[in-house]
2 protein chains.
Amino acid sequence: MTKASRSKAIENAAPDGRASDAIVERIQEQILSGTLLHNTPLPSERDLMERFSASRTVVREAVATLAGRGLLEAKPRYRPIIRKPGFDTALNTVGSIVQLMLQHQQGAESLFESRVFVERGLVRDAATSATRENIAELKEALAANEAAIMDFDAFYDTDMDFHGVLYTIPGNPIFPTLHSAYTTWLAPHWRRMEGSPEFNRKSYASHLAIYTAILERDPDAAEEALVTHLNVSWSSVGPTFAPK
Amino acid sequence: MTKASRSKAIENAAPDGRASDAIVERIQEQILSGTLLHNTPLPSERDLMERFSASRTVVREAVATLAGRGLLEAKPRYRPIIRKPGFDTALNTVGSIVQLMLQHQQGAESLFESRVFVERGLVRDAATSATRENIAELKEALAANEAAIMDFDAFYDTDMDFHGVLYTIPGNPIFPTLHSAYTTWLAPHWRRMEGSPEFNRKSYASHLAIYTAILERDPDAAEEALVTHLNVSWSSVGPTFAPK
DNA sequence: GCCCCAATTTGGTCGGTCCAAAGCATTCGG
DNA sequence: CCGAATGCTTTGGACCGACCAAATTGGGGC
């Protein structure tokens, strides 16, 4: 462990390494600086190999790397499309790995626990500092949720939306991203859960409890309601993960 | 635009796409199943092209993809090393993008805010449910922190450690990973901050306040102490980020 | 037995080639 | 005159064979 510093020094001293890295760097820079516009296709590979005077192999490798980082969206047979990075891009790149960890072992449970942790904090904050607008949005999402009790798919969507509103309250762009990450990662399993009007009614009641607690500026009650709500949900969804 | 539906149908029906994807999948499977052992080097490319009866180009592409996902650690001129994925792997893959967003704009502030949010939850939980062992660890970390007040580097390390203990309390592997992510991402800027025994003494006092609040099972006081502590820290570190 | 050096392995890069699908323009039919 | 079918060109995906330099390995010399 202690000699890590030395090895790090050596690795840092690597002089050139890959040729593609230089190209990656330059393209990345151009994307960030706006020389290469967002949502436009990348120049053709043969064009790039001329600009950087490199072989197509290297250009290809560079493109692949950028795509792996999420700066390019490379569909199989189409031109890669420029994607300026945001928090969503970051979350996307982890997606494939998270997916792996969800499949077996208790990775899914860890992830869900983290979600409970986050939302507990969110509802507490909401209870103490939600603005009039936040509350109006919550109310609206709640109404939509109630209206969808009889429709499984719609209820799922409005459920997500209600929780999603909570993630917007802090005004930090990381949270909405986190929310969409949680939902997309857990969605396939969630969909596998059987739904019933009765179950939906219970869920709605939980949402209502959370909402009222926020209205009454009672963080503890809000947190409590949220925890019981999510625990119930988990008892329905958890079993759909492979026990391995 | 309207014909997008047709093209999407076609793309969806694409049976093979990339040839490397098949190889990626098989290697990934072997890594997960343990056929390819953790921390051992991957077979040579020429070996792999024989096993999968594919060209070296494709094999190389597959390896690059795996490396991008974090399942392989590919240093420039060495054999790629198998890495079984964990939450740390996931965090690593986002690293490069997060790094980008830290450089300019207020991405750094968003990230720091999220850290404050997380640690607020952590100290609350610690205050309500820390075990005897947790508290012992905290006490130990606190003592080490105090002993290092005169040494800038040592104080930085023990500071990290103290906060790190908080991340271990929930017993969820995601949190320690998150902690190391936060520290590695923010470290370069943190190091740029000038330290003084006086400043360290104040930080230590904050840590002590957090610790006592946890001891007294007072979540609100613990959260309060944590928030003021981190706000002070940010006022020192924040300015080191490029204002764009 | 240990260290140093040569032979071999192996990853990185290159140029060229072939193929199939995407893009584009032209033409043909209504 | 406009829209759809058609043929040509561009472009990404894959393969091959080769070369180079660094990493690894296996001896051989001290």
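Reminder, nothing fancy here: chain letters follow the sequence lines and each chain counts from 1. These numbers come from the heavy atoms of this one structure, side chains and all, not from hydrogens, waters or symmetry mates.
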**OP:** Mind calculating the distance between CG (Asp21(B)) and P (dG12(D)) to the nearest angstrom?
**Re:** 18 Å
Original post:
Looking only at N and O atoms, is any donor in the side chain of Arg77(A) or the base of dG12(D) less than 3.5 Å from an acceptor on the other one?
Top reply: yes
Subject >> Residue whose nearest DNA chain C nucleotide is more 5′ - Tyr78(B) or Thr57(A) >> reply: Tyr78(B)
Original post:
Between dG12(C) atom C1' and Ile23(A) atom CD1, what is the distance in whole Å?
Top reply: 13 Å
Subject >> Integer-rounded Å distance: dC16(D) P and Glu50(B) CD >> reply: 13 Å
Original post:
In this structure, are over 12 heavy atoms from other groups packed under 6.0 Å from Gln30(B) atom CD?
Top reply: yes
**OP:** Indicate whether OP1 or OP2 belonging to dA23(D) is found under 4.0 Å from a side-chain N or O atom of Arg79(B).
**Re:** no
Original post:
Testing Trp185(A), Tyr167(A), Phe87(A) for ring pair (Phe, Tyr, Trp, His ring centres under 6.0 Å) with His179(A), which one passes?
Top reply: Tyr167(A)
Original post:
Between Arg56(B) and Arg56(A), which has a closest nucleotide on DNA chain D that is more 5'?
Top reply: Arg56(A)
Original post:
If you take atom types as modelled and just measure distance, does the side chain of Arg18(B) reach the base of dG12(D) with a donor-acceptor pair under 3.5 Å?
Top reply: no
Original post:
NA contact type, Ser44(A), heavy-atom cut-off 4.0 Å: base, sugar-phosphate, or nothing?
Top reply: sugar-phosphate
Subject >> Below 4.0 Å: OP1/OP2 of dT11(D) and any side-chain N or O of Arg46(A) >> reply: no
Original post:
Which whole-number value in Å describes the distance from Met49(B) CE to dG17(D) C1'?
Top reply: 10 Å
**OP:** Determine whether His207(B) and Glu146(B) make a side-chain contact, defined as any pair of heavy atoms from C-beta on separated by less than 4.5 Å.
**Re:** no
Subject >> Protein-nucleotide distance (Leu48(A), atom CG; dG12(D), atom C1'), rounded to Å >> reply: 12 Å
Original post:
Quick one: is dG11(C) close enough that its OP1 or OP2 comes under 4.0 Å of any side-chain N or O from Arg60(B)?
Top reply: no
